[in-house]
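Letters go in sequence order (proteins before strands), and every chain restarts at 1. Worth saying up front: this structure is predicted, and the values here are computed from it rather than measured.
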Protein chains: 2
Amino acid sequence: MSRRSRGTGQVRIEDVAREAGVSAQSVSRYLRDPGRVGPATSARICEAISAVGYVPNLIAGSLASNRSHVVGILLPTLAIPAHAGPVEGLAAALRDSAYEVLVGTTGYDAGAEERLVRAFVGRRVDGLVLTSDVLSAELRRTLTAFAAPVVQIWELPSEPFDMAVGVSNKAVGAAVAGHFLARGHRLCAAVGHAQATDTRSAARVAGFVETLAAAGAPAPIRLDVRMPEALAQADAILARLCAEGPPSAVFCTAGQLTVALHFAARRAGLNLPDDLALMGLDSEFAALVDPPLSVVRVRTYEFGRLAGEMLIERLAGRRPETQMRDVGFEMILRAST
Amino acid sequence: MSRRSRGTGQVRIEDVAREAGVSAQSVSRYLRDPGRVGPATSARICEAISAVGYVPNLIAGSLASNRSHVVGILLPTLAIPAHAGPVEGLAAALRDSAYEVLVGTTGYDAGAEERLVRAFVGRRVDGLVLTSDVLSAELRRTLTAFAAPVVQIWELPSEPFDMAVGVSNKAVGAAVAGHFLARGHRLCAAVGHAQATDTRSAARVAGFVETLAAAGAPAPIRLDVRMPEALAQADAILARLCAEGPPSAVFCTAGQLTVALHFAARRAGLNLPDDLALMGLDSEFAALVDPPLSVVRVRTYEFGRLAGEMLIERLAGRRPETQMRDVGFEMILRAST
DNA sequence: TCGTAGCATGTTAGCGCTAACTTAGACGAC
DNA sequence: GTCGTCTAAGTTAGCGCTAACATGCTACGA
C-alpha cells in the first residue's frame with residue numbers, strides 16, 4: 001500500500017516512478033497530459049499510482065511551474081445571496097479546469113480588501129476577481145507588480161484595472177426612475193445601503209436621482225440604511241419616508257429590505273401600488289408576496305461564471321475578445337408598481 | 001524599486017537579505033516572528049522589504065515547511081444562506097491566523113465531494129471542513145492517509161471521522177413534532193429535501209416521524225421536493241398535501257419553502273394557525289410575514305466559527321477538549337402554530 | 001581564568017515537483 | 001548508407017523558501 005520515504009513521509013512522484021520502472025519525469029508528464037507518454041508506460045504508471053496511493057503534491061508543482069492553479073475572489077460578504085452568486089458561478093466555470101477557488105470576505109472594509117489581496121498575491125493566485133470598481137493607488141501598484149489577470153465584477157468601472165464583468169448600476173437606477181415617471185409618479189424616495197464601500201448601491205441611487213432631476217421631478221427623499229439590521233426596522237424606515245413626503249413611489253436598493261418594506265406598508269394599511277409603489281432588486285420572495293413586487297433582476301451568477309471564463313482564456317495565453325462585459329439587467333414589472 | 005533576478009523575475013527573500021545586509025534566514029525569521037531577530041536587524045529588514053517591494057512567496061514557504069496555511073471547506077451550495085453561514089464563520093475564525101479559505105461546492109453530488117477532497121488533499125490543506133455526516137469508505141481512507149484535522153459540520157455523526165460541530169437534526173424534528181402534539185395536532189405533514197445527500201433534512205424528518213409515532217399519532221404525510229424549483233410550485237405542493245389529508249400542521253425543512261407555503265396557504269384562503277399550523281427553519285422573512293412564522297433557529301455561522309477554532313487548536317498542536325460540539329437549536333414560537 | 005549558557009545570526013541541505021535540455025531509437029527520403 | 005526528423009523517455013538543475021544544525025558573541029558564576 002503506502003510506501004513511505006524519509007522527509008515528510010509523503011508518497012512522492014519518485015515512489016511511483018520506481019514502482020512503474022520509469023523516470024519521475026514520465027510520471028509527471030502522464031499526470032498533466034497522458035497523451036504525451038506511450039500507452040504501455042501509461043498503463044504501468046496508472047497502476048503504480050494506485051498501488052502506492054499517490055496524491056500529487058500540487059504545492060511542489062506550483063513552485064516548480066510557477067502556476068498555482070488557484071483563483072482568488074474577494075467579496076464583501078457571503079450572507080447575501082446576490083454576493084454568493086458570483087462565487088458559485090466562478091466555481092462552476094473553473095470546475096473542469098483544475099482550478100480551485102480561494103475566497104476572501106472583506107465585510108465592506110477597504111483595509112481588509114488590501115490585506116486579502118496581499119495574502120492572495122503571496123499565495124501567487126493565477127487570477128483574481130474583485131468586487132470593487134475603484135481601487136486605491138496602493139492596490140493598483142500591488143496588482144500591477146503582480147501581473148496576474150484581474151476581473152472586477154458587479155460594476156463596470158470607468159477606469160477598469162484589467163477586465164470587468166458587471167452591470168451599469170446607474171442604468172438600473174435610471175430605469176427604475178423612468179418606470180416611476182411613466183407611471184406618473186413625481187415625489188419618489190430612494191433607500192440605499194449605508195456602507196461607504198458599497199459603490200454599487202450608491203450608483204443605483206445616483207442614476208435614479210439624476211433621471212428624476214432630468215425629468216423635472218422633485219428631488220427624491222433619500223435614506224441610507226445598514227443591513228441586515230434594517231430588516232427588523234422596516235416599519236420605522238417606512239414611517240420616516242412618509243414623514244418626509246410622503247413619496248408615491250419607493251426604490252429600495254438594499255437587498256431583502258424591499259420585501260420587508262412591503263410587509264411594513266401592508267401593516268400600515270397602505271395599498272400597493274395605489275398608495276405607494278414599491279420596487280427593488282430581485283429576491284426569492286419578490287414574486288410570492290401579495291401584491292407581487294416589481295423588481296430589477298441582475299444575474300450575479302453570470303458575473304462569476306463569465307469572470308471565470310475570461311480568466312481561463314487569459315491563463316491559456318489567449319486574449320478574450322472583450323475586456324469589459326455588460327451582463328445587463330431585466331425589469332420585471334408586477335403589481336407593486 | 002523592484003529588483004529583479006533571473007528565474008521567474010520575482011523579488012525573492014534573498015534580494016531583501018542582500019539589501020538589508022543580512023542572511024536570507026534572518027529575513028525569513030523576521031517575517032514569521034519578528035521577535036526572534038534583534039531590533040537593529042529588524043528595522044533594516046523592514047526597510048529593505050519595502051525598498052525592494054517584496055511579497056513573500058507562500059507557495060515556496062509551504063513546500064519547505066510542509067504547512068500550506070490553507071483550510072478547505074466543502075458544502076453543497078452557497079446559494080442558500082444557511083450554507084454560506086459556515087463559510088463566513090470559518091473565514092472570521094481564521095482571519096487573524098494567516099490562514100486562507102479554499103471553498104468547494106459539491107451541488108449535493110457525492111462524486112463531486114470525492115473529487116474536491118482529492119483536489120484539496122493535493123493542495124495539502126492544513127485542515128478540512130466537510131458538510132457530510134457519512135463518509136464513503138474510499139473517502140475515509142483518503143483522509144486517514146492524509147492525516148490532517150477534519151471537522152464535519154451540520155450533523156453530529158454517529159461515527160465521526162475526527163471532530164464535529166453541529167446540531168442533532170433528529171432532535172430538531174422531534175422538537176417540532178412535540179410542539180405540534182402539545183398543540184393538539186394529530187395528522188401532520190413533513191416536507192423534506194429530495195437531494196439524497198442532504199442527510200440533514202432527512203434526519204429532521206425522521207425525528208419528526210418517530211416522535212409522532214411514539215405518541216400514537218397517525219403517520220404524517222410526507223413529501224420531498226427539489227429546491228429551489230419548489231419555491232415556484234408552493235401552491236401545487238400545498239394542494240398535494242391537502243389532497244392527502246388534509247393535515248392540520250406542516251413541518252417544512254426545505255429552507256425558504258416554508259415562507260412560500262405560507263403565502264400559498266393564504267392564497268388558498270386558509271387561516272394560520274387555525275386551518276393549518278406551519279413551521280420550518282429560520283429565514284430572514286419568517287418574522288415579517290403575517291402571521292409571523294414559528295421557526296427553529298440553527299446558528300450555522302457558529303458551525304464554521306467553531307470549526308475554525310477547533311482546527312486552529314489542533315494545528316497549534318493542542319487537542320481541543322471536546323471533539324464533538326452540539327451547537328443546539330432554538331424554537332421560536334410565533335403565531336403560525 | 002575558564003566553562004557554559006543563552007542569544008542572534010549564518011550555513012547547508014533539502015521540500016517535491018517541473019522546465020529545459022539531452023539521449024536513444026525508429027523511420028523514411030535521397 | 002547517411003542524414004534529418006520525429007517521438008518517447010531520461011537527466012539535470014533549479015523554483016523560493018525553511019528546518020536543522022553550526023557559529024560567534026556576550027554574560028556571568030565558580
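A distance of 10.0 Å separates CG in B/Asp109 from CD in B/Glu114, rounded to the nearest 0.5 Å. A distance of 11.0 Å separates CD of A/Glu47 from OG of A/Ser42, quoted to the nearest 0.5 Å.
With contacts defined as side-chain heavy-atom distances shorter than 4.5 Å, the pair A/Thr131/A/His83 qualifies. Annotation: side chain of A/Glu14 is not in contact with side chain of A/Val27 (no heavy-atom distance under 4.5 Å). Taking the side chain as every heavy atom from C-beta outward, A/Arg299 and A/Arg305 never approach each other to under 4.5 Å.
Distances from the side chain of A/Tyr54 to the nucleotides C/dC15, C/dG16, C/dC17 place C/dC17 closest. In the set D/dT18, D/dG16, D/dG10, D/dT18 carries the atom at the smallest distance from any side-chain atom of B/Ser65.
When the C1' atom of C/dG14 is taken as reference, atom CG of B/Asn66 falls 13 Å away, rounded to whole Å. Across the protein-nucleic acid pair, A/Leu63 atom CG and C/dT18 atom C1' stand 10 Å apart, rounded to whole Å. The CZ atom of B/Arg67 sits 16 Å away from the P atom of C/dG16 (whole-angstrom rounding). Atom-to-atom, CD1 of A/Ile45 to C1' of D/dA8 comes out at 11 Å; the value is rounded to the nearest Å. Atom CZ in B/Arg12 sits roughly 11 Å away from atom C1' in D/dC17 (whole-Å rounding). Here D/dC15 presents its C1' atom at 10 Å from CD1 of B/Ile59, a figure rounded to the nearest Å. Between A/Gln25 atom CD and C/dG16 atom C1' there is a gap of 13 Å when expressed in whole angstrom units. For the pair B/Glu14 CD and C/dG10 P, the computed distance is 13 Å after rounding to whole Å.
With respect to A/Glu100, the side chain to side chain contact (heavy atoms under 4.5 Å, CB included) criterion is satisfied by exactly one of B/Leu116, B/Val103, B/Val70: B/Leu116.
Residue A/Ser26 is in sugar-phosphate contact alone, with no base atom involved, counting any heavy-atom pair closer than 4.0 Å across all strands shown. When heavy atoms are screened at a 4.0 angstrom cut-off, B/Asn57 is found touching the sugar-phosphate backbone but no base atom. Heavy atoms of B/Ile13 sit under 4.0 angstrom from primed sugar atoms or phosphate atoms, though from no base atom. Within 4.0 Å of B/Ser23, counting heavy atoms only, lies at least one base atom of the nucleic acid.
A heavy atom lying under 4.0 Å from DNA chain D marks the following residues of residues 28-43 of chain A, by number: A/Arg29, A/Val37, A/Gly38, A/Thr41.
The residues A/Arg318 and A/Glu313 are annotated as salt-bridged, a charged nitrogen and a carboxylate oxygen being separated by less than 4.0 angstrom.
Pairing each heavy atom of B/Ala93 with each of B/Glu309, the nearest pair is CB-N, 4.2 Å.
Computed from C1' positions of five pairs at each end, the angle between the two local axes of the helix from C/dT1-D/dA30 to C/dC30-D/dG1 equals 50°, rounded to 10 degrees.
Applying the salt bridge (Lys or Arg N to Asp or Glu O under 4.0 Å) criterion to B/Glu88, with sequence neighbours excluded, gives no partner residue.
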